[in-house]
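Taking it in order: structure first as structure tokens, then the write-up.
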Amino acid sequence: MILKIYDTLLKTYGYQDWWPVSTTADPFLEISLGAILTQNTNWKNVEKALQNLQTKKVLNWKTLQKINISILQELIKPAGFYKRKSTTIKNFVKTINPQKKENITRQTLLNIKGIGKETADSILLYGLEKPIFVVDTYTKRLFSRLGLTKKDIKYDELQKLIQDKIPKNTHIYQEYHALIVKHAKEHCKKKPICTKCPLESLCNKNVII
DNA sequence: AGCCAGGCCAAGC
DNA sequence: GCTTGGCATGGC
């Protein structure tokens, strides 16, 4: 079933080729900042913040390590929660050594205050190309509505359930997560739009969260 | 004009 | 352990 959902979404929407990263000199850094900035935030707002960082030539490790935090806050303000996120970014660039990416583990990232499971896994999957499935609210909502899981399933439990059912392959994990986001924005919204839903035949519509 | 967005943490049971 | 409230901006 998990695979059938993937196939159906892929057939419907095509390859997403995520993570949406503007051609930058340092994809790992930009992906990591994007993952932090998008916490509970619309991606459009994240783009504005990243654009500010780009324009002000701040989107590099050295500058971020040195920059005055109040200036950083001004630049990322469009992404919201800017006080908290600026601290997280500071913690991140202080802790991570971009020369030694091979040493970065999930636990390394989780030890950074402000980085939780989803953010850590996004950095691992898209920034470091490790086969770790990213669970988010969209994922929980979709699988719960499809009747496959309880709506209050825990992060690690849902992650394991999905990883056990699909090939352990970075590209597939990246693509599947991106397709879920796409689908959740088009149909499986908080207030679902079930008309023309590609998963209609697989879905138990009685379960509306 | 509200409601919502690709979470996380601290505090209180 | 689990639940709740706070964090903030911009789009629709």
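Keep in mind that the numbers below use all heavy atoms, side chains included, and drop hydrogens, waters and symmetry copies. All chains are named by letter (A, B, ...) in the order of the sequence lines, taking the proteins before the strands, and each is independently numbered beginning at 1.
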Find the distance A/N40:CG to B/dC3:C1' and express it as a whole number of Å. 13 Å
Checking all strands, does A/Y82 fall into the base, sugar-phosphate, or nothing category for heavy-atom contacts under 4.0 angstrom? sugar-phosphate
Walking DNA chain B from its 5' end, the first of A/L110 and A/S122 to be reached, judged by nearest nucleotide, is A/S122
Between A/D26 and A/K101 (salt bridge meaning N to carboxylate O under 4.0 Å), is one present in this structure? no
Atom CG of A/D121 and atom P of B/dG7: how far apart are they, to the nearest Å? 13 Å
Spacing of A/N91 atom CG relative to B/dG7 atom P, expressed in whole Å: 20 Å
Residues A/G114 and A/Q39: closest non-hydrogen pair is O-NE2, 3.0 Å
Aromatic centroids of A/F92 and A/W61 separated by under 6.0 Å: yes
Starting at the 5' end of DNA chain C, which residue's closest nucleotide do you reach first, A/K85 or A/K48? A/K85
Using the P atom as the point on both nucleotides, what is the distance between C/dG10 and B/dC8, in whole Å? 22 Å
Taking atom P of C/dT9 as reference, at what distance in whole Å does atom NZ of A/K83 sit? 9 Å
Under 3.5 Å side-chain donor-acceptor pair for A/T63 and A/N60: yes
Is the distance from OP1 or OP2 of B/dG7 to the nearest side-chain N or O of A/T137 less than 4.0 Å? yes
Please give, in whole Å, the distance from C/dG11 P to A/K185 NZ? 14 Å
Have A/T108 and A/T105 got a donor and an acceptor in their side chains that come within less than 3.5 Å? yes
Partner of A/W18 by side-chain contact (heavy atoms from CB on, under 4.5 Å), out of A/Q174, A/H177, A/K182: A/H177
Look at the side-chain N and O atoms of A/N45 and state whether any lies under 4.0 Å from the OP1 or OP2 oxygen of C/dG10. no
With rounding to whole Å, what would you report as the distance between B/dG2 and C/dA8 at their C1' atoms? 16 Å
Answer yes or no: is there a side-chain heavy-atom contact under 4.5 Å between A/T8 and A/I5? no
Could you tell me how far apart A/K77 (NZ) and C/dC7 (P) are, to the nearest whole angstrom? 15 Å
Does a side-chain N or O of A/R141 approach OP1 or OP2 of B/dC4 to a distance below 4.0 Å, or not? no
Flag for A/T88-A/N91: side-chain donor and acceptor within less than 3.5 Å: no
Consider the side chain of A/K190, meaning its heavy atoms from C-beta on, and name the nucleotide among B/dC8, C/dT9, B/dC4 that approaches it most closely. B/dC4
Return the value, rounded to whole Å, for the distance between atom CG of A/L72 and atom P of C/dA8. 13 Å
Counting only Watson-Crick or G-U wobble pairs whose two distances fall under 3.5 Å, which nucleotide matches B/dA10? C/dT4
Could you tell me the Watson-Crick or G-U partner of C/dG10, where both distances fall under 3.5 Å? Say none if there is no partner. B/dC4
Relative to the ring of A/Y173, is the ring of A/F133 parallel (under 30°), tilted (30 to 60°) or perpendicular (over 60°)? perpendicular
Under 4.0 Å, counting only non-hydrogen atoms across every strand here, what does A/D136 touch: a base, just sugar-phosphate, or nothing? sugar-phosphate
Let me know the distance between NZ of A/K191 and C1' of B/dA5, rounded to the nearest Å. 17 Å
Under-4.0 Å side-chain N/O to phosphate OP1/OP2 contact, A/K113 with B/dA10: yes
Just checking A/I115: base, sugar-phosphate only, or nothing, at a heavy-atom cut-off of under 4.0 Å? sugar-phosphate
With a non-hydrogen cut-off below 4.0 angstrom, is A/K189 in contact with a base, only sugar-phosphate, or nothing? nothing
Under 4.0 Å between a side-chain N/O of A/T119 and OP1 or OP2 of B/dC8, yes or no? yes
Contact list (N/O, under 3.5 angstrom) for nucleotides 2-6 of chain C vs protein:
unit_1 : atom_1 : unit_2 : atom_2 : d
C/dG6  : N2     : A/R84  : NH1    : 2.6
C/dG6  : N2     : A/R84  : NH2    : 3.3

